[in-house]
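For reference, positions follow the sequence shown, starting with 1.
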Amino acid sequence: MTKLIRLDKLLGHSGEGTRKEIKHLCKSGSVTINGSVCVNPATKVDFEKNVVAVDGRPVFYTPFHYVMLHKPENILSATRDHFSKTVLDLLPPCYKGTGMFPVGRLDKDTTGLLLLTNDGDWAHRITSPKKEINKIYEAVVAGTIPDDINFQFQRGIVLTDGFLCQPAVAEKIGDYTLRIIIHEGKFHQIKRMCAAVGLTVTALRRMQIGQLILDETLHYGEIRILTEEERKLPFQ
């Protein structure tokens with residue numbers, strides 16, 4: 001089966017720039033297909049057989065990208081914002097034009113494991129409530145942690161708006177620290193669940209999604225590419 005794709009899409013997904021920048025590259029004669037200059041960005045390319053190059057440098061097409069980000073505070077889990085920095089602003093220039101987006105979201109002040117991809121099907125399998133994939137957090141709280149907090153979480157916390165959360169886990173791992181496991185993703189869910197038992201979350205960090213654990217060697221704001229094996233881990 002022939003693998004045809006528009007030249008500008010191939011170059012964009014390979015991190016060669018925005019559509020406007022790629023159009024300029026083509027018009028300037030910088031792009032070649034099998035050694036011949038191509039000035040038309042709409043040209044269809046067989047990415048398995050044709051050799052595409054920019055200024056003589058071969059371009060290796062990768063349709064999908066999967067990365068782990070150690071999200072810092074005060075960064076939005078969004079693709080764009082007029083006022084605040086987003087997680088896409090933390091990606092290296094090579095991901096510009098690839099269509100990357102965050103898989104789910106973390107609140108602006110929440111840190112930890114965030115996945116980014118341009119594979120919509122993969123992202124949906126992780127975020128779909130039907131998959132019931134566990135997300136594990138560490139929460140620092142203010143207030144006295146109830147002795148029966150895990151019982152309350154496993155029974156199902158009722159939020160102030162009447163929403164009944166699905167059974168979850170809340171394990172005390174320090175005087176003011178909880179390890180919380182949920183598989184839902186409601187707005188401010190952990191903060192609201194803790195508030196329902198008299199606690200205020202002062203810091204929240206996601207440590208794990210399914211079997212995929214935050215790489216502690218990553219500093220805040222750093223990313224790394226997921227291995228093929230890691231891409232499958234969240235579904236186990």
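Ring pair Tyr61/His13 is tilted by interplanar angle, where 30° to 60° counts as tilted.
Linking Ile, Leu, Val, Met, Phe, Trp and Tyr whenever their side-chain heavy atoms come within less than 4.5 Å leaves Leu116 and Leu113 in two separate clusters. Grouping the Ile, Leu, Val, Met, Phe, Trp and Tyr side chains by contacts below 4.5 angstrom, directly or via other members, places Tyr137 with Leu69. In the hydrophobic clustering of this structure, Leu114 does not group with Ile133; members are Ile, Leu, Val, Met, Phe, Trp, Tyr whose side-chain heavy atoms approach within less than 4.5 Å, directly or through other members. Side-chain heavy atoms closer than 4.5 Å link hydrophobic residues (I, L, V, M, F, W, Y) into clusters, and following such links, even through other members, never connects Leu90 to Leu218. Under the 4.5 Å side-chain heavy-atom criterion for grouping Ile, Leu, Val, Met, Phe, Trp and Tyr, Val141 is connected to Val197 within one hydrophobic cluster.
Under the 4.5 Å side-chain criterion, counting only non-hydrogen atoms from C-beta, Leu212 is in contact with Leu115. Between Glu230 and Arg224, some side-chain heavy-atom pair lies under the 4.5 Å cut-off. Annotation: side chain of Pro63 is not in contact with side chain of Asp119 (no heavy-atom distance under 4.5 Å). Side-chain contact between Ile157 and Gln152 is present, with heavy atoms from C-beta onward closer than 4.5 Å. At least one side-chain heavy atom of Phe187 sits under 4.5 Å from a side-chain heavy atom of Arg105.
Through direct or indirect side-chain contacts shorter than 4.5 Å among Ile, Leu, Val, Met, Phe, Trp and Tyr, Ile136 is connected to Val169, Ile181.
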Candidate pair Arg6 and Lys44, rule side chain to side chain contact (heavy atoms under 4.5 Å, CB included), full reasoning: CA-CA 4 Å; Arg6 279 176 56 117; Lys44 293 294 182 66; 3.8 Å; yes
Trace of the side chain to side chain contact (heavy atoms under 4.5 Å, CB included) decision for Arg231 with Phe64: CA-CA 12 Å; Arg231 296 173 204 164; Phe64 297 119; over 6 Å; no
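Applying the salt bridge (Lys or Arg N to Asp or Glu O under 4.0 Å) rule to pairs touching residues 186-207 yields Asp107-Lys191, Asp109-Lys191, Asp161-Arg192, Arg205-Glu216, sequence neighbours excluded.
In plain terms, the two heavy atoms of Cys38 and Thr43 that are nearest each other are SG-OG1, 3.2 Å. Here the closest non-hydrogen pair linking Ile182 and Ala168 is CG2-CB, 3.8 Å. Between Phe101 and Ala123, the shortest heavy-atom contact is CE1-CB, 3.6 Å. Among all heavy-atom pairs drawn from Gly12 and Ile22, the shortest one is N-CD1, 3.3 Å. Taking both residues in full, the closest heavy atoms of Ile223 and Pro92 are given as CD1-CD, 3.6 Å, listed atom of the first, atom of the second, then distance. Nearest heavy atom pair, residue Glu138 against residue Met207, reads CG-CG, 3.9 Å.
Every residue meeting the salt bridge (Lys or Arg N to Asp or Glu O under 4.0 Å) condition with Lys96, not counting sequence neighbours, appears here in chain and number order: Glu21. Under the ring-ring contact (aromatic ring centres under 6.0 Å, His included) criterion, Tyr220 pairs with His70, not counting sequence neighbours.
Put simply, SG on Cys194 and CD1 on Ile180 are 4.0 Å apart, with the number rounded to the nearest 0.5 Å. Here CE of Met193 is found 9.0 Å from CD1 of Ile149. Values are rounded to the nearest 0.5 Å. Separation of atoms CD (Glu132) and CG (Asn134) is listed at 8.5 Å; rounding is to 0.5 Å. Going from atom NZ of Lys108 over to atom NZ of Lys71 covers 9.0 Å, rounded to the nearest 0.5 Å. Between the CD1 atom in Ile190 and the CG atom in Leu178 there is a gap of 9.5 Å [rounded to 0.5 Å]. Going from atom CD1 of Ile209 over to atom OG1 of Thr127 covers 10.0 Å, rounded to the nearest 0.5 Å.
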Give every donor-acceptor pair under 3.5 Å between a side-chain atom in residues 26-36 and any protein atom, sequence neighbours left out.
unit_1 : atom_1 : unit_2 : atom_2 : d
Ser28  : OG     : His24  : O      : 3.2
Ser28  : OG     : Leu25  : O      : 2.8
Ser28  : OG     : Ser30  : OG     : 3.0
Ser30  : OG     : Asp55  : OD1    : 3.1
Asn34  : OD1    : Val51  : N      : 2.8

Review item, side-chain donor-acceptor pairs of residues 75-82, under 3.5 Å, at least two apart:
unit_1 : atom_1 : unit_2 : atom_2 : d
Ser77  : OG     : Leu106 : N      : 3.0
Ser77  : OG     : Leu106 : O      : 2.9
Asp81  : OD2    : Phe83  : N      : 2.8
Asp81  : OD2    : Ser84  : N      : 2.7

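Side-chain rings of Tyr66 and Trp122 approach one another, their centers coming within less than 6.0 Å.
By the neighbour-count criterion of 12 heavy atoms within 6.0 Å, atom NE2 of His188 is densely surrounded, having more than that number from other residues, nucleotides or ligands. Arg19 CZ: 12 or fewer foreign heavy atoms inside a 6.0 Å radius.
Listed for the Thr177 side chain is no donor-acceptor partner under 3.5 Å among the backbone atoms of Val140.
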